[in-house]
> 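Before anything else, here's the structure in question.
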Amino acid sequence: MIGRTRWHFPEVDSTQTVAFRLAEQGAAHGTVVRADFQTAGRGRQGRKWISDRSSALMFSVILRTHESVDRIGHFSLVLADAVAEVVRNSIDSPVHVKWPNDILIDGKKSVGILVQTRTGSETVIVAGIGINVAAMASDQLPDATSLNANAKSPVDPDSLFETILKRIEAGWNTLDASLDSETLDRLNEHLWLKGCGITLLDGDREIRGRVLEVASNGGLRMEIAGKEQIVMVGEITRGPRPIDDGIVNR
Ligand code: BTN
């Protein structure tokens, strides 16, 4: 069960690092590591995740499976949908999922999800979630916000935490070879930049095209140079932008 074993630290380097260390020492599936402050919070693509002390809900969940990573690659979208849904129910502003697993509130960042995997005799997944609950100094930046800035009354991080753990548990227990129709419909209803021209970066490749929808395998269905293609990896770096389709090697 997710959250049966919990650690809550006032300060760590990164809950991801602590969770992987605990997993190496045999921590059970579902163990959760939460911290009030991180000195070296990790983001995707080697970026840093910075939150003020006690202003964010930050935790990592250890998941163990014998499924191959390929079969469960869409789990990060299940996670994004679960977190987005809980956030949506806590605030008054629109909440979108930016493929593959970013969550935007009114178009601004306040939630980060980092899914890291290590394979051995079994696969260990550490799913890290950071949610800026209270206002922070960085909220002054034009593309950042917090939950409280979008809610009528302050959001309680502890009940947010409990609700998200329950949703993650449900998402994990029903995880199948592809996204279920309910999750897929919800993801597509709230898909950021749906129908818009975007630039997606995949290593050295720049993919320019139009976002169509999330596919059931978790990829992003796009129209690229007049053809439909499902993109499995990448990061949306620009959008909306004029449609000048194509794949450019940089
Ligand atoms: C991103 O948007 O780039 C992902 C950010 C993920 C941040 C969370 S906070 C809890 C967990 N511990 C970390 O060091 N990172 C994740």
Side-chain angles (χ1 to χ4, degrees), residues 2-3 5-24 27 30-63 73 75-84 86-87 95-118 124-134 136 138-139 141-147 155 157-158 160-165 167-168 192-193 200-203 220 233-239:
I2 288 171
T5 306
R6 299 175 186 203
W7 297 83
H8 190 160
F9 298 98
E11 180 175 316
V12 293
D13 46 3
S14 155
T15 57
Q16 293 292 103
T17 313
V18 175
F20 271 118
R21 198 179 308 131
L22 288 170
E24 269 165 33
T31 299
V32 177
V33 180
R34 182 177 168 185
D36 296 331
F37 186 64
Q38 298 186 120
T39 53
R42 293 199 224 153
R44 289 206 314 269
Q45 318 280 347
R47 287 187 291 255
K48 290 180 183 158
W49 172 268
I50 299 167
S51 290
D52 294 351
R53 196 172 290 274
S54 298
S55 69
L57 171 62
M58 295 175 288
F59 62 97
S60 299
V61 183
I62 300 171
L63 302 157
F75 174 65
S76 62
L77 264 168
V78 170
L79 199 59
D81 170 60
V83 176
V86 177
V87 169
V95 177
H96 288 96
V97 172
K98 179 180 165 196
W99 186 88
N101 61 3
D102 241 342
I103 295 172
L104 301 180
I105 296 176
D106 216 5
K108 296 177 178 180
K109 177 123 179 164
S110 77
V111 180
I113 296 179
L114 176 67
V115 179
Q116 296 181 297
T117 306
R118 285 190 194 159
V124 174
I125 300 167
V126 172
I129 295 161
I131 304 177
N132 291 330
V133 177
M136 302 202 311
S138 59
D139 290 355
L141 298 172
D143 53 357
T145 190
S146 66
L147 265 53
V155 173
D158 293 334
L160 191 73
F161 180 52
E162 297 303 330
T163 316
I164 292 175
L165 291 187
R167 286 297 306 256
I168 297 176
W192 181 244
L193 297 177
L200 191 123
L201 212 57
D202 170 17
L220 186 66
V233 283
E235 186 175 15
I236 298 173
T237 54
R238 263 191 70 192

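Atoms within each ligand, like the ligands themselves, are counted from 1 in listed order. The figures that follow rest on heavy atoms only: side chains count, while hydrogens, waters and symmetry mates do not.
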> Working to the nearest 0.5 angstrom, can you tell me the gap between Ile168 CD1 and Leu79 CG?
5.0 Å
> Stepwise, does the side-chain contact (heavy atoms from CB on, under 4.5 Å) test hold for Leu193 with Trp99?
CA-CA 9 Å; Leu193 297 177; Trp99 186 88; over 6 Å; no
> Starting from the C-alpha separation in whole Å, work towards a yes-or-no answer on side chain to side chain donor-acceptor pair (under 3.5 Å) for His96 and Asp102.
CA-CA 8 Å; His96 288 96; Asp102 241 342; over 6 Å; no
> For ligand 1, what N or O to protein N or O distances fall under 3.5 Å?
from, atom 1, to, atom 2, distance (Å)
ligand 1, 2 (O), Lys109, NZ, 2.5
ligand 1, 3 (O), Arg44, N, 2.7
ligand 1, 12 (N), Thr15, OG1, 2.8
ligand 1, 12 (N), Gln38, OE1, 2.9
ligand 1, 14 (O), Ser14, OG, 2.7
ligand 1, 14 (O), Gln38, OE1, 3.3
ligand 1, 14 (O), Arg42, N, 2.6
ligand 1, 15 (N), Arg42, O, 2.7

> Give the C-alpha distance, both sets of side-chain angles, the deciding distance and a yes or no for side-chain contact (heavy atoms from CB on, under 4.5 Å) between Val87 and Val155.
CA-CA 10 Å; Val87 169; Val155 173; over 6 Å; no
> Could you check if a side-chain atom of Phe9 sits within less than 4.5 angstrom of a side-chain atom of Val18, using non-hydrogen atoms only?
yes
> List the residues meeting side chain to side chain contact (heavy atoms under 4.5 Å, CB included) with Phe37, not counting sequence neighbours, and say none if there are none.
Glu11, Thr39, Arg53
